[in-house]
Protein chains: 2
Amino acid sequence: MSHSGQRRISESTVRRLSVYLRFLRELTRQGRELVSSRQLARGCGTTPAQVRKDLSLFGSFGKRGRGYTVDELRRTLEGILGLGRRWRVALVGVGKIGSALLGYQDLARRGFDIAAAFDSDPAKTGQVMSGVQVYPAERLTEVVRMQQIELGIIATPPESAQTVADELVGAGVGAILNFAPVEIDVPESVTVRTMDVALELEGLSFMLTSGDRMPSRE
Amino acid sequence: MSHSGQRRISESTVRRLSVYLRFLRELTRQGRELVSSRQLARGCGTTPAQVRKDLSLFGSFGKRGRGYTVDELRRTLEGILGLGRRWRVALVGVGKIGSALLGYQDLARRGFDIAAAFDSDPAKTGQVMSGVQVYPAERLTEVVRMQQIELGIIATPPESAQTVADELVGAGVGAILNFAPVEIDVPESVTVRTMDVALELEGLSFMLTSGDRMPSRE
DNA sequence: TGATGTGAAGCGGTTCACAGCG
DNA sequence: CGCTGTGAACCGCTTCACATCA
């Protein structure tokens, strides 16, 4: 065993760990006790070898000949991913996407609480939406600092995204989920992940166009 | 030169092409004429060598000593990605996320028209939301076939996602963007991309937890 | 001269195959 | 015997370095 220190974990591994966890939680609901790397792979769209390799980067959690204990592995993964606690999140931009996120219960279910929302439109600020106070954009730094918020979600128009990111970082946020369709510059110490719906659709467009695939509409 | 046939293009390359395109469109708005691989890289969060390699997979589009013509490269990328046309999209599930997507103008701006929406809740069906007709779920196959829709978006609860996917595929859809937090099984000929907001946040949680990073809140 | 296009090297993630152990 | 854990092989993406050409 040699998995103590900060070995480099790839982004793809981390993403798969999250997928395993999501699946394990489903198995827990179903009351399943044990699960093999083969079953895990099937449910998560990967291979048994990949599952075992991913897990082996962190330790030995299975029982040879039997598989993994669902509940134990679930807790282990929660630990690895840093989900043994709840995270406070700041949401900036309460437009279409922002308000959808405010009402999206899956976030809280999985440990992420939107602690404060912000918008530059006075018509939206001052009220409580889906149980979350909406502050004017000017108060971002103050409120984020005060509430010790560590994660930010940007759901503003692309023009404002960089400015907002700078403010979030300045206020102490360590990672940002960006829904604005632009790349954002942050210091190395901060992580940004951009989710661009149209960009994903463009990827699908490429598959259908250039594809080895011929959609058979009989 | 050797970029005629169906060489294998990696998912990461396709994603970057989309990012380049997004950036080029911004440069077009700014009236920029030329752009170098270095500038492209800066604006897209990658390296000049990567930019040139990505583009070289499809041809030679630059002028040595000068760079790339913004407008020309933009059109080239649109062609490669299959964006020289508009795509009709079916949206299934008009809850929080679904209705946000209905009103999200960036999709139409980038070539994706939601041609029909579906929901199983009778309270939502029959009306027109954001200019899109909302049909009862039972009519999915019929309407998707009739309108020759090729792309599907799933924004239902996770329990219904697989069933909906099967119906979409059965109705002739060739690719699916899935917002339900579950992996989905489809025939090999169909592409699925899953966008799970909480899963992305979990990735950020890992970075902050296990990170080489120490968020300095002074 | 300056930036592209690209073979070749480098590197890291994935797959394989099997030893190890319940 | 079955499934995990893992070194080694493999493969493909990224990076490098430079020939090439406007």
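Reminder, nothing fancy here: chain letters follow the sequence lines and each chain counts from 1. Everything numeric here is computed off the predicted structure, so don't read it as measured data.
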- Look at the aromatic rings of A:Phe206 and B:Phe58 and report parallel, tilted or perpendicular, splitting at 30° and 60°. perpendicular
- Message: With side chain to side chain contact (heavy atoms under 4.5 Å, CB included) as the test, pick out the partner of B:Ile184 among B:Ile176, B:Val190, B:Ile154.
- Response: B:Ile154
- Heavy-atom protein contacts under 4.0 Å, nucleotides 17-22 of chain C, coded B base, S sugar-phosphate only, - none: B-BBBS
- Between OG of B:Ser205 and CG of A:Leu83, what distance do you get to the nearest 0.5 Å? 4.0 Å
- Message: Heavy atoms from C-beta onward define the side chain here; which of D:dG7, C:dG5, C:dA8 lies closest to that of B:Ser60?
- Response: C:dG5
- Note on the structure: Hits for side-chain hydrogen bond (donor to acceptor under 3.5 Å, both in side chains) against A:Arg52, two or more places apart or cross-chain, chain-then-number order -> A:Ser37
- Item | OP1 or OP2 of C:dG5 under 4.0 Å from side-chain N/O of B:Tyr68 | yes
- Answer yes or no: does a side-chain N or O of B:Ser12 lie under 4.0 Å from OP1 or OP2 of D:dC13? no
- Does any pair with a residue in residues 96-108 of chain B pass salt bridge (charged side-chain N to carboxylate O under 4.0 Å, His left out), and if so which ones, sequence neighbours excluded? B:Asp106-B:Arg109, B:Asp106-B:Arg110
- Query: Near DNA chain C, under 4.0 Å by heavy atom, which residues of residues 15-37 of chain B?
  - Reply: B:Ser36, B:Ser37
Let me have the donor-acceptor pairs involving side chains of residues 160-169 of chain B, under 3.5 Å, with sequence neighbours excluded, atom names and distances please.
from: B:Gln162; atom 1: OE1; to: B:Asp185; atom 2: N; distance (Å): 2.9
from: B:Gln162; atom 1: NE2; to: B:Asp166; atom 2: OD1; distance (Å): 2.9
from: B:Gln162; atom 1: NE2; to: B:Asp185; atom 2: O; distance (Å): 2.9

- Task: Note the angle between the end axes of the helix from C:dT1-D:dA22 to C:dG22-D:dC1, five pairs defining each, rounded to 10 degrees.
- Result: 10°
